**Q** 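Mind looking over this structure? Questions follow.
Basis for what follows: all heavy atoms, side chains included, without hydrogens, waters or symmetry-related copies. One-based numbering, in listed order, for ligands and for the atoms of each. Everything quoted here is computed from the prediction, not taken from an experiment.
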Amino acid sequence: MKQFENNNESIPTMKAIRLHEFGGPEVLRYEDAPLPELKPGEVLVRVHAVGINPPDWYLREGYKMLPPEWRPQMPFPIIPGSDVSGVVETVAPDVRGFSVGDEVFGMVRFPSFGESAAYAEYVAVPASDLAHKPAGINHVQAAATPMAGLTAWQFLIELGHDVQNPLQPERHHPVPLNGKTVLVNGAAGGVGHFAVQLAKLKGAHVIAVASGKHESFLRELGADDFIDYKKTPPEEVAHDIDLVVDTLGGPTTGRFLRTLKPGGALFPVFLGFSDAKEAAKRNITVSMTQVRSNGLQLAELGRLLDAGTVRVAIDSTFPLADAQKAHERAVHGHIQGKIVLTVA
Ligand SMILES: NC(=O)c1ccc[n+]([C@@H]2O[C@H](COP(=O)([O-])OP(=O)(O)OC[C@H]3O[C@@H](n4cnc5c(N)ncnc54)[C@H](OP(=O)(O)O)[C@@H]3O)[C@@H](O)[C@H]2O)c1
């Protein structure tokens, strides 16, 4: 933490990645920024590692995939990012359960637009978004977990909240997994590799779909069968599936309807499903949800990580100052697990 003089006032500062405009990875600037102010209910975390996620580049690009009227207006500069692991620096007087020096991890204020501010040396986090970091994993692994792990958890295990979903009118319901056949598309990515492990843990027979280089990785995580989508379109060979978790989602997700049993379910993790009539004809439930911060669920996931029952895979790490390179790595695709920024 440094101080700089502004109109004779001394303001504590930190290093952070900030956006002053939307665009490609080059708009991520490593620079001084004011230290966040702690509000009631919050914990100031000295960040050791930051997990990066697709919403970080949606924000960087100004949500250009949304219709212009849906794009949120946000004042610059913006600190992107949501997932952190670090050490508690300060605690607001009304906070219980966290003390100075505790190791913690969490997904900060998600969903929100530009208010999570995780690409920084310090971040102020609502205590309800945090969990204690399991001793058995390091800060890089812990920072890699929140959004991807909670997304898989809230789709497959427990939604954990009653907030109205802006993406669909009905509440999302996880479906029974024990003894069922579950296909995970995009299985090697952040959400996918947690979904494979959670489905397996709950007793499912898991079919993982990914490019061929991820086969041994996914089999080690528990996948029973593997489809290399570059050689074989999964919708042509998979059949009698109870649940498809399509982490890619989007307009092509409807191709999985024909792989499902009547009474089965399709969970697209990203927007774009448009075959509601076909789904109804086949008696398939199609449901999605938007992940929300949840420290209690993260603590449960943390126990599984601590025991080694669930693993988090690290694709690559970059120093915070090289966030541009981390985003360039993401643009390249074929991510195996998670990309993480380290903070000195
Ligand atoms: N609903 C929510 O709240 C929520 C929350 C988090 C994320 N998301 C969305 O979920 C999606 C996935 O997120 P993520 O963090 O898991 O992304 P990610 O880590 O980038 O993983 C994407 C994976 O998909 C694989 N892939 C790419 N093209 C494929 C294809 N045609 N068929 C099968 N696999 C393919 C990639 O590797 P290979 O091509 O090498 O197999 C990669 O491993 C994103 O669109 C994100 O916005 C939604």
**Q** Are Phe113 and Tyr63 close enough that their ring centres sit under 6.0 Å apart?
**A** yes
**Q** May I ask you to say whether Lys15 pairs ionically with Glu121, meaning some side-chain N is under 4.0 Å from a carboxylate O?
**A** no
**Q** Please list all pairs passing the side chain to side chain donor-acceptor pair (under 3.5 Å) test where one or both residues lie in residues 190-206, with sequence neighbours left out.
**A** Lys200-Asp224, His205-Asp225
**Q** Could you tell me if the ring centre of Phe98 sits under 6.0 Å from that of His132?
**A** yes
**Q** Side-chain contact test, heavy atoms from C-beta onward, threshold under 4.5 Å: evaluate it for Thr247 versus Asn185 and give yes or no.
**A** no
**Q** Pick out the protein N or O atoms lying less than 3.5 Å from any N or O of ligand 1, and list each pair with its distance.
**A**
{"unit_1": "ligand 1", "atom_1": "1 (N)", "unit_2": "Val269", "atom_2": "O", "d": "2.9"}
{"unit_1": "ligand 1", "atom_1": "1 (N)", "unit_2": "Thr289", "atom_2": "O", "d": "2.9"}
{"unit_1": "ligand 1", "atom_1": "3 (O)", "unit_2": "Val291", "atom_2": "N", "d": "2.7"}
{"unit_1": "ligand 1", "atom_1": "10 (O)", "unit_2": "Thr247", "atom_2": "O", "d": "3.3"}
{"unit_1": "ligand 1", "atom_1": "16 (O)", "unit_2": "Gly190", "atom_2": "N", "d": "3.3"}
{"unit_1": "ligand 1", "atom_1": "16 (O)", "unit_2": "Val191", "atom_2": "N", "d": "2.9"}
{"unit_1": "ligand 1", "atom_1": "19 (O)", "unit_2": "Gly190", "atom_2": "N", "d": "2.9"}
{"unit_1": "ligand 1", "atom_1": "39 (O)", "unit_2": "Tyr229", "atom_2": "OH", "d": "2.5"}
{"unit_1": "ligand 1", "atom_1": "39 (O)", "unit_2": "His334", "atom_2": "ND1", "d": "2.9"}
{"unit_1": "ligand 1", "atom_1": "40 (O)", "unit_2": "Ser211", "atom_2": "OG", "d": "2.5"}
{"unit_1": "ligand 1", "atom_1": "40 (O)", "unit_2": "His214", "atom_2": "NE2", "d": "2.7"}
{"unit_1": "ligand 1", "atom_1": "40 (O)", "unit_2": "His334", "atom_2": "ND1", "d": "2.6"}
{"unit_1": "ligand 1", "atom_1": "41 (O)", "unit_2": "Ser211", "atom_2": "N", "d": "2.9"}
{"unit_1": "ligand 1", "atom_1": "41 (O)", "unit_2": "Ser211", "atom_2": "OG", "d": "3.4"}
{"unit_1": "ligand 1", "atom_1": "43 (O)", "unit_2": "Gly189", "atom_2": "N", "d": "3.1"}
{"unit_1": "ligand 1", "atom_1": "43 (O)", "unit_2": "Ile335", "atom_2": "O", "d": "2.6"}
{"unit_1": "ligand 1", "atom_1": "45 (O)", "unit_2": "Tyr58", "atom_2": "OH", "d": "3.1"}
{"unit_1": "ligand 1", "atom_1": "47 (O)", "unit_2": "Tyr58", "atom_2": "OH", "d": "2.5"}

**Q** Answer yes or no: is there a side-chain heavy-atom contact under 4.5 Å between Val269 and Phe155?
**A** yes
